[in-house]
Amino acid sequence: VFTRNYAEENGLMVQGYGGALAKLGRTGAGHTEWVFEAIQELKAGSDAERIGVWLDENGNFEEPGTPPTAVLRGEVWEEGLGGVLEWTRLTIDTPLPVVPLKEGLSCEYELEQACAGPILGPQLQLRRVLWVPVIVRRALRGLLMAGTRDKKKALPCAEAERVAQQLELLLELEDERRLAAGRKADMDFWLRMKRLLSENHSANMILGQLAESCTRGESMGGVGTVFALIGERKAGPATTLMSRTGAEDHLVVRAQSGDEAWAYAVNAGPLESLWRQAIEDGRAAVGEAGPLRLAKDISRIVAVPIEVGNAVPAVLLVALPKNRATLDTLDRMNWRAALAGEVFEQEQRNHIGLQQQVWRKALLESSEEPAFILDGQGLIAAMSRGAQELLNGLNGFSPSSDESRPFAELFLPECWEQVQAWLSEGPTGSTKAAELLEVQLKDAAHVRLKRLTISGEKFSAVAVEHAQRPSSHRPLRDTCETLQQAIEWLEEGLVVFDESEQILARNGMFLQLLGLRDEDGRKLPTLDSVIKAVAQNAADPQQFAADWRMLSQDCRQGTQEELAMRRPIAQKIERYARPIVSATGKKMGRVEVYRGAPALRMFQSKMALAEHLASLGQRVTQIVHELNNPLTTILGNAQRLVNQEGHQHSLEASQIVREAERASGIVRQLLNVPRETQSETRLLSLTELVESTLELERRMLAGSPIHLRMELQEGLPPVKGDYAQLQQVLLNLLQNAEQAMQESGVGRIVTVRAARAAAGGVQLQVQDDGPGIPESVQSRIFDPFFTTKPAGKGTGLGLAIVSAFVRQHGGTIGVFSGAKGGTRFVVELPSAGEEPQVAPCVQLNAGTQAAESSHAGGILSPAVERRVPRILVVEDEPTVAALIGDVLREEGIEVDVLTDSAKAVELTQRVRYDLAICDVKMPEMDGPMFFAALEQAQSALREHILFVTGDGIAPRTREFLMQHDLPYVAKPFRVEELCRAVNDLLWGKRRNAESWNERSTETNLGTGKINEGHRASTH
Amino acid sequence: MRDTGRQHTEQPDFGAVLRHELNNPLTGILGNAELLLAESRRKNLRLPEQAQARLETIAALAVRMRETVRRLSDEWQAQSLRAAQDEADAATPTVA
């Protein structure tokens, strides 16, 4: 055994040799090259038969005292063989002479003597071996080996020592370079952090950058840890399941970088004990990563306490990879923890600052005294509530934009200079500064400015003291305006009279409740004029006028009465009146408050919506028209496809049919949105309407567990209205109840009541014992498109239509639904006020249509095979025209299709047609004109004409068709519908085609649906 | 009262609902028609000329309807906005 000094003592150091190895360090070559070069140098001039050189993998640092488990990587050269691959990795373990090597001692020994154990590894077959350690800063970083098979051969001891020294230098250099690069990167990073801190970025963002700088690779200036996490301690146990119960505090992750899974393990197991230890010791705690499942490439976990003042509010946790567990890394972590401490400190400072700011502002704003904080330029920086109020009283100052306006502008222009000069005199205490200044505000009020003692160098605080109270000098006009604004927001109607019955003030609600428009109200200055304008709106005008006049003569303390109104809606309103008496007891006038019934108040808002709906009606007609033409064609074409291509593509084609039917269903529903038209009104009996509608509905409900009950008061006055609309109202309400009951399975009885209403009208009630309507929904059920049903089921128009129809009849509708279920809709309609002379209410039998389904079949039934009929089709829409032509031709009918109605008239004079099919709406000559032309020519065809309408039966069309009792089909129609109508007309069964006198419920929603069996029988 | 009033007269976006309600069936129509057309092209099946023409008509009309619906609902929206504006103007309190 010899020591390193051996070589030096014996002068064996060969100077100048091995320049190649030294050079390598400068060129930045890797460890592989070093090893190779070292072997070359040991080989030269030596008898060694085997030479090995191993170095640690890129700075794997073994702390003194840790078990020798490190693995070195290197090369072995064997004389005559070259590189020997199996020994590239070397574990520093027995049978190597571990202890001396670790202490930096070289060893040379003969194997039979030195090694009792099995001879393994690179020492295999050798008899004499030399080991030289490479030690950098007390840590074993590499090994050199030389050996011979012959004991007598000399080993290159001196050479090996020299090479080892060079490698030590190279490694040290490498370490220092890395260290320097890291330090430089850290320095840059520190500067960036400082900037972020000074710019007051959010703490989380800065901490995030800190964490990220730990995990970033070394080449990017980071440390290269596997993960990094900055956790803040919070009181109370953690909420995660993994946490140890009963702990006083836990770690909340403020920032993290790298594998996120670590964040979940922070409050449990080894990670938790580690950070607790770090906090307890006040210094970094290092733990083995072994027991952690996540620890794949990790050698150590380090917890570094983050200190702020004397407290440790947070911890930095990092995991070091195998080759980074060095003291330098620990240094850099400590340094980052210090930085994080600064961030936390700043955060605390900001928090306190912010709180103080809020407190100060709260104090300032709660102050009733007008006080301003002004900056150096005399701009308003902040103000108290009193000051805010002061400003609100001045014209030209709005509450939002006053801060940072010049303070002087508060005053009359002639005072500006004076104020500025006074402000610039400086804070209180300076000898020449006057404490007080008397000036005039913009509204000419006299005020005293007072410098407050808290004024400093850069700002001043000024209090404004009124010579008088502000209210007393505020112009009367302003006061009136303020009061008017205030009463305008009352929910009640309010009017104030003076002692001579002149109106001093009133609000919009007063006018609205009595049925006056705003502009009319303005023209009515006295009680008399108001009575004149309003009396006719009352149920009993004379009584109404007398009562009110009486009030003016004798108004006792707090009179309360009820007024029955007929317009704008029939309702009872309450009136409270109270005299205004001066301090001396003199009567100065009277204030009256009007209140509508809550339900009716709600209804008034509904009215506005319904009105809007009506104006939209016009638009709907247009939409329907524009959509119906293409829809008709699509439907027709698709049906033909189904029938013809039946077997091949029936699925897709019938899907098209279904979708087209769905679309036309939606379009048809749009029709039901009320239009701005006069409805067909006549006197009708509510009793009869209820009876016939319920009979209809009972048929629909056959087999269902729901029962309909009817409670009709006798001798009800008639109602003036549109039978179809009112029937729709009842039907929709019934269906609404039934659907709710069916879907929920709750309830089984629907009761319909017709009775006299309190105000002389008629009341229709639909009550069910179903699930009820939740209160949250009640206010919206009359809104169009409001539905509680899933998408695709119901359009949400049903109750909107009900509401609109009732409104068109001058009626009201309300809903009552309790928490326990059960819903009651109450419709009140004004009575016609005459004896019930029930008009012949047309046979309203919606069953007509259903019954028709049996009457179908090909147009040419075999029994009536006479001559081929010829039909003229007049339709301006080419696609629809072509479709009708196609359909009829396939039925074996001769068809002429014309898009120009004028030409069609000409044609009728030359050709004998059995039937004309004519569109109602066409440019130039439309359907009615075409019909008139036929009548004028006395053409027989005028008796054989079928109209096609696309606008969903607009009132004008409807009138025309009714007047001449003409049959029609509505677009979009199904092929069968057209065929059936044509069939009926050709063979004289005209009554079976749809015509106005037979099909009275235009609003039947089921029109577009025809049963499937019907379709099959058509062809 | 005024507040609730405003809430209730808030316009339902009729145009958007119309578009939504109609576009679904239209998509179905267009999709199926195009599916059939594509299938016949792919398999090189000659559909009967008439059927081919019908399908093309259906597809073209469905596209046209979609455009119509879009245009109408846009117009509708514009109109509703105007109406809402008028209402807001009318609701400005009057001062005696």
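Lettering of chains follows the sequences in order, A, B, ..., and the numbering in each one begins at 1.
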For the [atom1] atom of [X] and the [atom2] atom of [Y], what is their distance to the nearest 0.5 Å?
| X | Y | atom1 | atom2 | result |
| --- | --- | --- | --- | --- |
| A/T633 | B/M65 | OG1 | CE | 9.5 Å |
| A/I656 | B/L55 | CD1 | CG | 6.0 Å |
| B/L36 | A/Q655 | CG | CD | 9.5 Å |
| A/L627 | B/R64 | CG | CZ | 10.0 Å |

Who are the side-chain hydrogen bond (donor to acceptor under 3.5 Å, both in side chains) partners of A/E592, not counting sequence neighbours?
A/W548, A/R590, A/Y594
Contacts of type side-chain hydrogen bond (donor to acceptor under 3.5 Å, both in side chains), residue A/T632, not counting sequence neighbours:
none
Go through the atoms of A/L631 and report whether side chain, backbone, both or neither lie under 4.5 Å from a heavy atom of chain B.
both
Nearest heavy atoms of B/A51 and A/L641, plus distance in Å:
CB-CD2, 3.7 Å
